[in-house]
Structure formats: structure tokens, C-alpha cells
Participant: 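Can you keep this structure in mind? I'll have questions shortly.
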There are 2 protein chains.
Amino acid sequence: MSLTHAPAGAVRQGSLRELNLALVLGRIAAADRPPSRADLATATGLTRATVSAVVEDLLAGRLVSESDPAPRSGAGRPARGLVLADQGPAGLGLEVNVDYLAVCVVDLAGQVRHRTVHRADLRPVAPADALARLVEMAGAAREDAARHGLTLVGAALAVPGLVDDAGLVRLAPNLGWRDVPVPALLAEHPPLVEQVPGVPALTVDNEANLAALGELHSQPPGPSSFLHISGEVGIGAGIVLDGALFRGVRGWSGEIGHLPVHPEGRPCRCGGQGCLEQYAGQEAIVAAAGLARAELPADTATARLAELAEAGDANALRALHDAGTALGVAVASVVNLLDLDTVVLGGGYAALAPWLCPPVLAEISARVLTAAWSPVTVRPSRLGAEAAAVGAAGSVARRIVAQPAGWLARSG
Amino acid sequence: MSLTHAPAGAVRQGSLRELNLALVLGRIAAADRPPSRADLATATGLTRATVSAVVEDLLAGRLVSESDPAPRSGAGRPARGLVLADQGPAGLGLEVNVDYLAVCVVDLAGQVRHRTVHRADLRPVAPADALARLVEMAGAAREDAARHGLTLVGAALAVPGLVDDAGLVRLAPNLGWRDVPVPALLAEHPPLVEQVPGVPALTVDNEANLAALGELHSQPPGPSSFLHISGEVGIGAGIVLDGALFRGVRGWSGEIGHLPVHPEGRPCRCGGQGCLEQYAGQEAIVAAAGLARAELPADTATARLAELAEAGDANALRALHDAGTALGVAVASVVNLLDLDTVVLGGGYAALAPWLCPPVLAEISARVLTAAWSPVTVRPSRLGAEAAAVGAAGSVARRIVAQPAGWLARSG
DNA sequence: CGCTATTTGTTCAGCGATTGAATTATTTGC
DNA sequence: GCAAATAATTCAATCGCTGAACAAATAGCG
């Protein structure tokens, strides 16, 4: 229903080809079967002649390759199928979290081609040292990628905190980071990726945002608008609207953990009262289940909760039900506000989804005016704990698909 | 930070001109002074030759006209200023509300060129009859517009309720409408507007959404992302993100009135509990202020409240403060979620803003994590009660600006 | 008053990309 | 073996942008 947006800048002569390169490549990426040139022509509205010319450029630039034709019945010359190349540009995903470092490489098709996780408590580690370790892991990842014919063209770093436009980590409370200038710190190491026009060498983003992007680009394709909630010690959300992450005016959207669910309730360290985090955060659930915190390292708390709930432990079940109800109140607010029909429970919530979903759905159906006309789906995330790193790498790869001209200009 | 979006469809030969027509016209519309062709060339990145050719088309199509040059110091041939034409296409805005019908005409520049309001209690009137009256008013508006050289190219109707994609009014509780097929009812009358390719003859939308669009296009230009809250008997919100209305998956976004602000609080007719509407809706404020409802027609309730508050009536002041606090809890949720920096109080709230803003701001600063880094502005709406009708008409006019090719194809 | 510098706007040959029709390539079905 | 059908390419024509040259109009200055 919204007005079609014109491209932001001028539409110059050459832009025409750039736009059609992106259009055709995007179609190839979105197709569930390798499309032929003729398929692309009918799907895009371009003529076959134009599609052939565009595809020739894409083949020359090694962004797509020809594959076995999609099976077809009837007479006629057989088609040649087109698929995203499994060699060529790829994205590097980095993640610093409370209890692990992760690095991964994702290719154009969204496949994870490399993954390394290094478990360690990062809270006592200085930011510069944590990043240095990450750089070391990334170096190994790059070599591995090169052996598969992949060239890293950009990196994205996920951190559990607020990041500003310049990549400065303003505040990552659970990590103990404050005002960490990530790009400057990484600039002291040799460059991780090859520069490509139109692809930033490094972006830094909130973990919840990148996890949502990971979910968006996971296979098979899901809805293009949804809410992705990362339930860890803090609770963050990534809001995907019409296939694009919504970042807000300053990039700080999705702070669902501080939605007031009991306005006169428990005080929160954010200064507010009755924030969701105080009722559905990891620590709150653990406390409500009667577990001693000392004997529960952060990274096993959800596993332990799931175990207890599976075994029918009454305290754990009650704690999860109450957390789910609080979460449902917050989710009902979001759905009333944004009219989304899909909510994905990610991070630590993914493993607890069997117990969280019912109370969340109950609150939604009780509190959302339009739920009667169209149901809301609540389901666990597809990707595991490393959704953010995969989403980070994927966001780089997607950028090449969305703007192939930069890569093509580079490789001649 | 977001990826630049390519146009949805194919970029064909002629699309290039279409896009540049929209680009140049958009610049003329956005400029605060009449720009010259040279200004447009530097602003858009196109060459002066291209801009001249594009402007020639726009002049021929009567979408822009030449005006006195913008004052400039220094030597050189004087520029010819370009402004949006005050004759040519215009949008028709229609509104059915509980206690009035409104019709208005807005030209390309966003100026209101005609306005008619007909006060009446519409609740006992059948939808078909209400629409028939509106058509009659629209006929007069069209004649008046024609005398000013304006051609109506599309109509938008604002209703206080939920509307689906096809224009069916699923539910307008305060009006007593349910499943009213507006397009079909209007099709029985002679057409209101001239058909132009790319401009729908009629769109039906929620009043809160269109009021937000009215605010977006009001002069002088404000922020491109904000929340607009229409506080009437019900409370609706229009969410504007990056200069575009966000409608949600099914077009039912902005139901802020049913955000739970006291999850275990008063039951709401929506079936939920503790909805904002029960604490900050018109009826709730009136009741809290101790006013007898019988002696207060809906359309004077807010005026009476403002009067009492102005006079220092303790009950009214307390009622407004409590309502503002409840509203602030809901607004804090929205700001945490979407990271907006501007909240506009519209509808009945506009007149009550002096008393509502302080408690709203207090809740925001207490509950929004990022408020410390960047303040949130809360202010009353600029447009009056007919914001929705003006926004409706303006949305049609803006569509011509965004897609001038359709109009130009029509008028040769 | 006349000259120069400066800025605006137009003209025009050139060029890149799309277009549509014709052509070639390759397979199925009779 | 031949006709029909579908895929992909070739090529002259056309559309719209480009860049440079040119014409128009004014202020500043001697």
C-alpha cells in the first residue's frame, strides 16, 4: 500500500544497468529453483535480450554460475539454470558475547562455509584483547575461505549492546563495555577483508538486530516482517519490516527488555520500574525457579531450565509460565502497535520455547484487538546460539547481492 | 545504515525518465525556496542538460511553473525559480467521523484549497446515507476546485476504524460500522475524480494513519520519523518511519489504545485488561475529572476539560495528570521499541497538550534507556481537528509528486 | 559606457543500455 | 524425419543521459 520509493540518488545512465544487475541477481537469490534466463525475463519484466546481457555480466564477475537445468516437461530447447556462485565474494561475521567469541563466513547463497566458536568468559578481558583474539580467529577463517575460492569483502561485528553510527559501542552492560571505539581498535590490526566499492569494510551492530537478520535470511524463506526476540541476560529484539531491519532514528530500536510490563513493579537497573527484563530475563527466571545462581554459569542456565521443565519440575514450570506471561504482555504491545503476524523466540528463548509459547499466545489472543481476524505465529528461532554471527556474515553477503555493481567494477 | 532499495519492478528504458521526473519534482517539493535548474542539478547529481529536459516535461505537464527567482547575490545570469503549480492535479480528502463529515482539497504544494465541514451526529445514520452526504459535499468541492484550475485525481477517505486492503471497513466501533464495503457503496454514485494512471481513484484508511500523514506533510517540514497519537474516544496512532507511513502486515498498525499499561487493571471492551484507552481515553478522563457524561456531547468534552484545567480545577488537573502518566507508559514502550525522537499529540490531545506533555515526558525519561543520550520531543499537532481529512487529500497529492509519470502520460 | 567575470540555461553530437524482431539452437512428439 | 515448442543470441533502432560548447543575462569595475 505504500508509495514506491525512488532510489535515493540520481538515476544516471549507468544506474540503469546497476539496477538491473541487482534486480536479476536478487531474483536468482530469491528463487527456490535455478531459474533460466527466460524465467528471469518473465519474472522481472525485462526482455530476454536484456536478461541475457545482464546475466553475461554476472557470469563474467563470478557472482552466478550455470547449473543443471530445472526439470521441465514438454518440448523445446532445455534451459540452463542459474545459481549464485559458491565461489567469489563472501561475508565475515564476528561476535563478541559474554561467554564466547564467534567467527563465521557466509557465501552469497547464505550458506555457512566456516564457523569457529571460542568459549571463554569475556567479562574480565579488555575490549582490545577480546578484539585481538577475534582478529586471530578471523585470519584463520579467511585462509579457510580462500581454500574454498571465497574472498571476504566485508565484516560485521555483533555485540550485546548499544552501538552508534560510527561503530562506537556506547554501552554493553553485560560485557562491561562502555564507549569502546571498535573501528579504531580493529584498525591497528592488518585488514581482515578486501575492499569492495559499496561494501563497508566493517560494520558494528547490536546482536539482537543481526540475529534477526540471520533469521530473515535463513532457509526456507519465512515472512518478510516479524519480531525476533533474543532472550539472554538482557532481552533485545530485532524488528524486521518488509524484509529490512528497522533500526530507528539513532539505531537503538528493539529495546523490548525495558518495556514496562508492571509500571509500578520491580525497579530495573535502567532506572525504570517493572521492565520486562525484571520478569522474563534469564536471571529473573532462574531466581523464580529457585535455582542458586552461584552454581549456574550464564551459558548453562537455559539448558538447566529446559532440563528441569522437561522433567516436570513445578518451580521451573511456574517460573517459565510467569516469564512467558510477562513476555506476552510486551509482545501484545508490539503486535498492537506494528501489526506483525510472526514472533520468533531466539537466543536463550529458543530452547525454552515449548514452555514460553503457550502463555505468550494466551496474552496475545486476550490483548490484541485484531488477533481474531488473523492469528499470530510464535515460534522458536531456526538458527542456534550463533544466529548473530551468521546474521552478521549474511548481512555482508546480502549487500553484494543487493548491490553487485561494486564487486563487478572491482573484478573487471 | 540500511541497504538502498532498488525499485520494486524492472528498470526499463523509460523508467529512467520516470525516476528522474520523480526525483526532480520531489526536490522542487522539498525545497524551501524556489530552486533553479542549476540548483536542482547540483542537488540531484544529474547534469544541467538532463535537468533542463526533465523540467521541460514538468512545465509542459503543468506540474511546476516558473516563478520569481530566489534572491541571490553576486554576478551571473539570474535564475528562474521553479515551484509546484497552483493549478493542475489535486487530491480530495474525505472524512467520516462520529460527529462530523469533512471534505477538503489539497494541491500539489500541500496547500488546503477547499474545506467543508458538516457537523452532525453520524452514529444513527446508515453508512450508505453518510457516504451519500459526503459525495454531495465532494461534488461541490470539485466544482470549487475546478474554478481554481484544479483537477481532482484521487480521493482518500478517513474513517475511525480498522480498514482492510480492499477498502472494507471491518470495524469502526464508535461509529457503529461493521463490514461496510465503502468502495462498492461509492461506486453507485457518479465518479468523484478523474482517473489518472498510477493513482487509485479511492483509498480508505484509518483516521489516525491519515492524520499522521497530514502532520508529516505540514509546513514547515518536521522530522521524517515520529509517532502521531490521535486521542479521541478511542486512541489511535500513526507511525511514520523515514517519511513513510508504516501500516503493518495487514494495515492495522498503531492500535496504541490497547497497549496494556496496567496488565491486571480495568477490563476493556476489546477483551483485554488495563488497556491505555481505559486510562487515557476521552471517557476515562472525563469520568476521572468528575464530569457528568450526559451533559457533555463528545465534541465538547476536550474543550470543557481544557477550560477547567485552565481555571485550575483540581479534579481536572489530576485527571489529566493521571491520563498523561498512563499515556507516558505507553509512549515509553513505543520509544524503547522504535527509537523515535518525536511524539506528536493530535486529535483531542492537541488541546490538552499543556497538561499531558509533562507527565508523558516524565515517564519517558524514567523508562527509556536511551533518553539520556538524546531527548525525545513531545508536542501538540499543528493541524487542527481535520488533520485526517487534510492528510487524506495530501496523500493523494503526494502520490502525484512521487509518481508524476502517470499524470504526464494523461495530459500529453 | 564598455569590458570582464560569473552564473544560468540550451544545443548537439556521442554513447550506453534497452528494445523487439529475426535468427539460431535444441529438444519433444508425431 | 519433420513440425512444434522453448531457450538463448544477434542486431539495427531508439531512448535518454552526458559533456562540452555556446548563448543569455547580470554585477562589478575602471
Participant: With sequence neighbours excluded, what pairs up with B/Asp144 under the salt bridge (Lys or Arg N to Asp or Glu O under 4.0 Å) test?
Facilitator: B/Arg147
Participant: Please figure out whether A/Glu66 or B/Val54 has its closest DNA chain D nucleotide nearer the 5' end.
Facilitator: A/Glu66
Participant: Let's test your reading of the model: under 3.5 Å, does the base of C/dG9 pair with the side chain of B/Arg37 as donor and acceptor?
Facilitator: no
Participant: Using the side-chain contact (heavy atoms from CB on, under 4.5 Å) rule, pick out the option among B/Val401, B/Leu21, B/Leu63 that qualifies with B/Trp407.
Facilitator: B/Leu63
Participant: Quick one: do B/Arg37 and B/Glu56 make a salt bridge, cutoff under 4.0 Å?
Facilitator: no
Participant: For B/Arg48 and D/dA20, what is the distance between atoms CZ and C1' respectively, to the nearest whole Å?
Facilitator: 10 Å
Participant: Whole angstroms only, please: what is the CG-P distance between A/Leu16 and D/dG16?
Facilitator: 11 Å
Participant: If I take atom CG in residue B/Leu40 and atom P in nucleotide C/dT10, what distance separates them, rounded to the nearest angstrom?
Facilitator: 12 Å
Participant: Measuring to OP1 and OP2 of D/dG19, would you say a side-chain N or O of B/Thr47 lies under 4.0 angstrom away?
Facilitator: no
Participant: At under 4.0 Å between heavy atoms, what does A/Ser36 touch on the DNA or RNA strands: base, sugar-phosphate, or nothing?
Facilitator: sugar-phosphate
Participant: Does B/Arg17 have a side-chain nitrogen or oxygen under 4.0 Å from the phosphate oxygens OP1 or OP2 of D/dC17?
Facilitator: yes
Participant: To the nearest angstrom, how far is B/Asn20 atom CG from D/dC15 atom C1'?
Facilitator: 13 Å
Participant: In whole angstroms, how far is the P atom of C/dG9 from the CG atom of B/Leu59?
Facilitator: 11 Å
Participant: Return the angle between end axes of the helix from C/dC1-D/dG30 to C/dC30-D/dG1, with five pairs used per end and rounding to 10°.
Facilitator: 10°
Participant: Rounded to the nearest 0.5 Å, how far apart are CZ of B/Arg33 and CG of B/Asp39?
Facilitator: 10.0 Å
Participant: What N/O pairs connect the protein and nucleotides 3-7 of chain C at under 3.5 Å? Give each pair on its own line.
Facilitator:
from, atom 1, to, atom 2, distance (Å)
C/dT6, O2, B/Gly76, N, 3.1
C/dT7, O2, B/Arg77, N, 2.7

Participant: Hydrogens and angles aside, do A/Arg27 and A/Thr44 bring a side-chain donor and acceptor to less than 3.5 Å of each other?
Facilitator: no
Participant: Mind calculating the distance between CG (A/Leu46) and C1' (C/dG20) to the nearest angstrom?
Facilitator: 14 Å
Participant: Between A/Val83, A/Leu58, A/Leu108, which is the residue that forms a side-chain contact (heavy atoms from CB on, under 4.5 Å) with A/Val64?
Facilitator: A/Leu58
Participant: For D/dT9 and A/Ser52 - does any side-chain N or O of the residue sit under 4.0 Å from the phosphate oxygens OP1/OP2?
Facilitator: yes
Participant: Over how many whole Å does the gap from A/Leu21 atom CG to C/dA17 atom P extend?
Facilitator: 9 Å
Participant: Work out which heavy atom in B/Ala41 is nearest to a heavy atom in B/Val51; give both atom names and the distance.
Facilitator: CA-CG2, 3.7 Å
Participant: Okay, side chain of B/Arg142, backbone of B/Leu192: is any donor-acceptor separation there less than 3.5 Å?
Facilitator: yes
Participant: How close or far is atom P of C/dT8 from atom CZ of B/Arg80, stated in whole angstroms?
Facilitator: 13 Å
Participant: Which pair of heavy atoms, one from B/Leu23 and one from B/Leu46, lies closest together, and at what distance?
Facilitator: CD2-CD1, 4.1 Å
